[in-house]
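In what follows, a structure is listed as structure tokens, so that the remarks can point back to it.
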Amino acid sequence: MSLSTQPIKGARDFYPEDMRLEKYIFAKWREVNERFGYEEYDAPILEPTDLYLSKGNEEIVTEQTYSFEDRGGRKVTMRTEMTPTVSRMVAARRQELAYPLRWYSIPQCWRYERMQRGRGREFYQLNVDLFGIEGLQAEYEIINNADAVMQAFGAERSMYTIKLNSRKLVDFVLKDWLGLDATQAATLTKLIDRMAKMERGEFLGKLEALFSPSQREAGAQSQLQSFLEVSKLEALPDELKKRKEVAELSALMSMLAEDGISNLVFDPSLMRGFDYYTDIVFEVFDNDPANNRSMFGGGRYDGLLTLFGAEALPVVGYGMGDITLANFLETHGLLPSLDSETSVYIVTIGSVEREAQKVAKQLRDMGLDVAIDTTGRKPDKQIKAAVKKGIRYAMFVGEKELASGQFVMRDLQTSQEETHGLERLVSLVKDYRSRP
RNA sequence: GCGGAUGUAGCUCAGCUGGUUAGAGCGCUGGAUUGUGGCUCCGGAGGCCGUGGGUUCAAAUCCCAUCAUUCGCCCCA
């Protein structure tokens, strides 16, 4: 019985050509965040299991995480998201950090999920957080950042929609406006979250069952529907329109619109699960019918630091997964074709290995990434290997070239050949490399 | 956890209702061509037909089980 060559279920191997895409994605993430003045951090992939147990979500931890006991008897869990970790880190140094904090990270996260399209058990997630700003400027900046990331990958605004909602507004609607108790509100939140996925009749039936007779009599159901059906803030019922949350959403939307972010909509059914979000939430949707779903999102979660005995700190953040992003790029034809990290492949002709190594060294000293073929195969085999590796240039080194100091360099994508001295060739390759 | 689909060469798959030594395309490899890839031609390697059991004179093919892959449901921090 031989060993399986498969990676463990739900996890990916990154062969060099896969890794090139991954590096491309990470590079864009870093580039945009650093342009916004964000600093990168990281932390251990293992956290104490307690960190995820805080909010009574024991089922999630026992059934949907990689958790185990280490040799010292400590219960540990592989991180499933970065938010608890970054909250822990900020809480630990809360007194000495220079606020506001603009932090980002690209952690690998693990969730023990059932497999389906776009969802594995391991993924990388860009995590962006802005700590210490109470007002809308934080939401403005974070959504701008998320939009800029999409733009950096070449996405057009017609390809995705940014949906906005306010948890505070929803809370008010459910508890005060409709008069639901906490249990009803929680159930209804989940129901609304799944609304888009079910038949309208089914949704209405479940809605009906949820209300008490007196609430039904008071017209709670039609009230709720009049809220959920709204797609513009101006269309909200008058009692809601005068709420502060609505004014904030409206102000935020016009600030973002001024920056050209035209693909914003208010969506009262947007819930983002039932987690730590406390105020404005947003979610980015793929507009392509073939892939029409939520890609990523975020929002304000002001309360998390209190878990560590620290005072609450205002935070707005978002997380974006590499797999969903890659799906988006693929759906919209935005995947770049990426060359190898190696620029030049030296094809040796005849027994010139020693001399060719010296040429390679010179090229490397001049700053090129160079691989050399010393297999002694015929040139056509060597060229094929270079093409297969995705290397852009093949440089021929044989007796003739060594004697003259003039080397033939072939562009393997265009089949153009040029013959020059080493320095000239180096600048040719560098010119190509520095193109955007 | 529930339901569907699929497991045959490195990859994509064919192999009808059981019948000799299991096939194709692509890829790999050698040559035509010991100094130049993609085109062409010729050769070669590579398979416990996912695994275990059953039915049968005979199983890649039929039955059962099991494992794996995959899609959907539930869930999704």
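In what follows, chains are A, B, ... by sequence order, proteins preceding strands, each numbered from 1. Just the heavy atoms: all of them, side chains too, but no hydrogens, waters or symmetry mates, feed the values below. Here the structure is a predicted model, which means the values were calculated and not measured.
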Determine which nucleotide pairs with [N], using a 3.5 Å limit on both distances of a Watson-Crick or G-U wobble pair.
{"N": "B/G46", "value": "none"}
{"N": "B/A68", "value": "B/U6"}
{"N": "B/G1", "value": "B/C73"}
{"N": "B/U12", "value": "B/A24"}

Distance-only donor-acceptor test, [X] side-chain atoms vs [N] base atoms, 3.5 Å:
{"X": "A/Glu401", "N": "B/G35", "value": "yes"}
{"X": "A/Arg119", "N": "B/C75", "value": "yes"}
{"X": "A/Arg114", "N": "B/C74", "value": "no"}

Taking atom [atom2] of [N] as reference, at what distance in whole Å does atom [atom1] of [X] sit?
{"X": "A/Gln116", "N": "B/C71", "atom1": "CD", "atom2": "C1'", "value": "9 Å"}
{"X": "A/Glu113", "N": "B/C74", "atom1": "CD", "atom2": "P", "value": "14 Å"}
{"X": "A/Glu417", "N": "B/G35", "atom1": "CD", "atom2": "P", "value": "15 Å"}
{"X": "A/Glu202", "N": "B/C74", "atom1": "CD", "atom2": "P", "value": "9 Å"}

Name the nucleic acid region contacted by [X], choosing base, sugar-phosphate or nothing; use a 4.0 angstrom heavy-atom cut-off, strictly under.
{"X": "A/Lys400", "answer": "base"}
{"X": "A/Gln64", "answer": "base"}
{"X": "A/Arg194", "answer": "sugar-phosphate"}

- Message: Salt bridge check, A/Arg102 against A/Glu39: does any charged N sit closer than 4.0 Å to a carboxylate O?
- Response: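 No, A/Glu39 and A/Arg102 are not salt-bridged.
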- Message: So that I can tick it off, tell me whether A/Arg157 and A/Asp147 are bridged by a salt bridge, with the cut-off set at under 4.0 angstrom between side-chain N and carboxylate O.
- Response: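 A salt bridge is present here (some side-chain N lies under 4.0 Å from a carboxylate O).
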- Item | Ring centres under 6.0 angstrom apart (A/Tyr38, A/Tyr104) | no
- Query: Is the phosphate of B/U69, meaning OP1 or OP2, less than 4.0 Å from a side-chain N or O of A/Lys9?
  - Reply: yes
